[in-house]
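Atom set for the values below is all heavy atoms of this structure, side chains included, hydrogens, waters and symmetry mates excluded. Just so it is clear: chains get the letters A, B, ... in the order the sequence lines come, proteins before strands, and each one is counted from 1.
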Amino acid sequence: MANPSNGVIADALDELGDLYELDGAVIHRVLAYRNAAKVVRDAPTSVAALALEGRVTELAGIGATLEEKIRALIETGEIPAAVRLRERFPPGLLAITALPGLGPKRARRLFDELAIDSPQALREAAQAHRLRTLRGFGAKFEESVLAALDAGAAERASHRVVLDRALAVGDALCEALASLDPSARVVLAGSARRRAESVKDLDIVLDNPALLDQLAGLELIESASRTSESAARARTHNGMLVELRAVEPERFGNLLQHLTGSAAHNAALRERAVRAGLHISEYGLLDDATGASTFCSQEAELYELLGLPYIEPELRENRGELEAALAGTLPALVALGDIRGDLHCHTTASDGRASIEEMARAARERGYEYLAITDHSATHGFGDDVSPEQLLRAIELVRAAEQQVGGIRLLAGSEVNILPDGSLDYDDELLAQLDWVIASVHTSFGLDAAAMTERVITAARHPHVDALGHLSGRLIERREPYAIDTDAVFAACAQAGTLIEINASPDRRDLSEVHARAAAAAGVAIVINSDAHSPGGFDVLRYGVWTARRAWLRAADVANTLPWPELEAKLKRSR
DNA sequence: GCCGTTTTCGGCCCGACTGTTTTCAGTCG
């Protein structure tokens, strides 16, 4: 049997944590499982492989006990403790804990004392007013439970919004608020500020509480209410929830840091601070020695007080950034302005909406030095295919467009399909005439991991393939990645000198941040590409740069921060 | 269950809110 992926192992540890919590384990034991699940999910290489080498305890938060459980999962497909606990606690009980206000402790009491083991049983008990017979439960609880069940809270998985949709609303809202008081500071915090792949809600920090009363008058807002002297909650017309907090200017940095998170980063930061006799909260930095609190108008001041350099929001995921900050080894992250060219875009020759010239002018206006035209290849289908004859003609058209547009180097390229057997759909003689070839999987997503890995590695080793496109095939919040051994692909690419793309489309961001970090660590050069299908499509490049930053990449890790001649010299075709 | 420039055992981040209680446990972010 193939090794379980990091995601599968992480899910198993999360489930076991939930089961232990229902079982009444001390909370720190439960948290140890949740922490381990996160560590595994974020791990850049195969945790199963690490466990089989006996090295899994090298991961912070995984000790002998968790090692044993992970090994059992790899070797038998099950963790014995989970099997045992699943028999005691029915799945419906876990579904109940998804209801607001119902955690493991209270759910367990309902199960023990009223034999409630499903949302349906809970509904019947609430309707019959049996819940209020329990000490600590009352009429209001029965009401809120029924309301939550009617709203479908038990069935509905938490709905997350992909970052581009979230920023469209969040940035516009901040702009609208700032326009009401141009002297105010209004900053979008939370996972949107950390540029995560998707967000649950929006958090906004501002330094003028009067603005909270003007929310309801904004065009974007459907409804708004004040939740306290310094806070408000709102819902936008497209259904996003927004939490707003106002704070005095001298404490703006404290609150912004708190609300930017992540929860794991903040928890780790506070734990370190406690050892130095300091207590961090959204209200200030309390020093045990003096009993006095210090306020920070800027986030950087807070990190400085903790003896740390400023940590970029994209790094705040507790993936080693605190250790690196202490050691002075935080990377200088790649920035949008470092990117000199885009190596993946489409024109009307395939499924794009603009001509070569229009795309070239748009790229030149963005300040790019070069642009690769990479329309889909011969087997693409949907009427978007480019026949070998058309591709030969396209090379001439690209050369002519370069002359006509001027001021930008145009590369004649192709986004070539990787067929199920790993072969490409143009012959080598034709591929050899191109300046740049990117190879992607667009069909047969259902292959098993071994076949898919073999397929992609075959393409990566092809002498005319410069880079792999959107490696996992995922669509964020919509389509799971297909099964593939990414570690094996990275090793093959590093060995063959094949680059791998971070496709910047906000729905893809593929490589993911975890995979991009692993690829770079394996010695693979990364390119960040827009996959633009129109001139406006170049705008999405920032999402790719954010993924690269969340992957700890520096400009030196990203090949298209180089001028084209230097990049070209590094390609295997130049060897 | 993990972990250690106070510790190999005894700790393990911070605060608000809620409903139910007369002082707080559980839940949430």
Side-chain angles (χ1 to χ4, degrees), chain A residues 13-14 16-17 19-40 56-70 79 81 96-110 131-145 147-148 153 158 189-191 199-203 205 227-231 233 241-245 247 254-255 257-286 288 293 302 306-307 318 322-323 326-327:
Chain A
L13 296 180
D14 266 330
L16 192 49
L19 288 168
Y20 275 134
E21 190 170 35
L22 280 173
D23 195 34
V26 292
I27 189 63
H28 297 108
R29 189 161 154 238
V30 175
L31 291 175
Y33 278 91
R34 300 218 169 113
N35 177 57
K38 177 181 151 45
V39 167
V40 168
V56 75
T57 56
E58 288 175 18
L59 295 171
I62 296 187
T65 306
L66 277 158
E67 176 180 38
E68 186 190 320
K69 291 189 157 69
I70 291 170
I79 301 175
I96 286 174
T97 64
L99 291 165
L102 248 180
K105 293 275 200 305
R106 288 155 68 85
R108 180 65 194 277
R109 284 193 57 212
L110 295 174
L131 301 182
R132 65 183 66 176
T133 61
L134 262 53
R135 185 177 168 77
F137 292 78
K140 275 204 169 166
F141 177 72
E142 287 173 347
E143 275 173 42
S144 68
V145 152
S158 68
S191 47
V199 309
K200 190 163 67 66
D201 57 15
L202 297 170
D203 296 286
V205 183
T227 48
S228 81
E229 192 95 333
S230 61
R233 184 171 297 149
L241 298 174
V242 191
E243 303 274 351
L244 300 100
R245 293 278 296 273
V247 67
N254 298 97
L255 185 60
Q257 195 283 327
H258 172 79
L259 287 178
T260 297
S262 64
H265 172 85
N266 284 355
L269 193 66
R270 291 189 197 116
E271 280 168 21
R272 278 177 185 280
V274 164
R275 281 180 240 147
L278 299 167
H279 301 271
I280 306 168
S281 81
E282 61 209 277
Y283 302 107
L285 182 66
L286 173 67
D288 280 340
S293 282
L302 178 61
L306 298 166
N318 196 30
L322 293 180
E323 293 79 1
L326 271 169

Using whole Å, report how far [atom1] of [X] lies from [atom2] of [N].
X	N	atom1	atom2	answer
A/H28	B/dG4	NE2	C1'	16 Å
A/L259	B/dC13	CG	C1'	15 Å
A/L31	B/dG1	CG	C1'	10 Å
A/N266	B/dC14	CG	P	12 Å
A/D23	B/dG1	CG	P	11 Å

When rounded to the nearest Å, what value does the distance between [atom1] atoms of [N] and [M] take?
N	M	atom1	answer
B/dC3	B/dT8	C1'	9 Å
B/dC13	B/dT20	P	30 Å
B/dG26	B/dT21	P	14 Å
B/dT6	B/dG1	C1'	22 Å
B/dC28	B/dT22	P	23 Å
B/dC12	B/dT7	C1'	12 Å

Strictly by Watson-Crick or wobble contacts shorter than 3.5 Å, is anything paired with B/dT8, and which nucleotide is it?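 Result: none.
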With heavy atoms under 4.0 Å as the rule, sort A/A60 into base, sugar-phosphate or nothing.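 The residue A/A60 makes sugar-phosphate contact but no base contact.
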May I ask you to say what A/I27 touches in the nucleic acid, namely base, sugar-phosphate or nothing, with a heavy-atom cut-off under 4.0 Å? nothing
Run the numbers on A/L131 and A/F141 for side chain to side chain contact (heavy atoms under 4.5 Å, CB included), then give the verdict. CA-CA 8 Å; A/L131 301 182; A/F141 177 72; 3.8 Å; yes
Nearest 0.5 Å please: distance from the CZ atom of A/R34 over to the CG atom of A/L31. 6.5 Å
With A/N266, which residues qualify under side-chain hydrogen bond (donor to acceptor under 3.5 Å, both in side chains), at least two apart?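 With neighbours one apart ignored, the set is A/Q257.
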For nucleotides 16-29 of chain B, read 5' to 3', which letter fits each nucleotide if B means a protein heavy atom sits under 4.0 Å from the base, S means only the sugar-phosphate is that close, and - means neither? S---SSS---SSS-
Nearest-nucleotide check on DNA chain B, A/A64 vs A/A263; residue mapping nearer the 5' end is A/A64
Which pair of non-hydrogen atoms, one from A/L110 and one from A/F137, has the smallest distance, and what is that distance? CD2-CE2, 4.0 Å
Go through it in stages, so that I can follow the logic: the residues are A/H265 and A/L322, the test is side chain to side chain contact (heavy atoms under 4.5 Å, CB included), and I'd like the CA-CA distance, side-chain angles, deciding distance and then a yes or no. CA-CA 8 Å; A/H265 172 85; A/L322 293 180; 3.9 Å; yes
Tell me whether A/R233 at atom CZ has more than 12 heavy atoms from other residues, nucleotides or ligands lying less than 6.0 Å away.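 Incorrect, the count does not exceed 12.
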Contacts under 3.5 angstrom, residues 267-285 of chain A side chains, donor-acceptor by atom type, not counting sequence neighbours:
| from | atom 1 | to | atom 2 | distance (Å) |
| --- | --- | --- | --- | --- |
| A/R270 | NE | A/I280 | O | 3.4 |
| A/R270 | NH2 | A/H258 | ND1 | 3.3 |
| A/H279 | NE2 | A/D288 | OD1 | 3.1 |
| A/H279 | NE2 | A/D288 | OD2 | 3.0 |
| A/S281 | OG | A/Y283 | N | 3.0 |
| A/E282 | OE1 | A/R245 | NH1 | 3.2 |
| A/E282 | OE1 | A/R245 | NH2 | 2.6 |

Quick one: is B/dC2 close enough that its OP1 or OP2 comes under 4.0 Å of any side-chain N or O from A/T65? yes
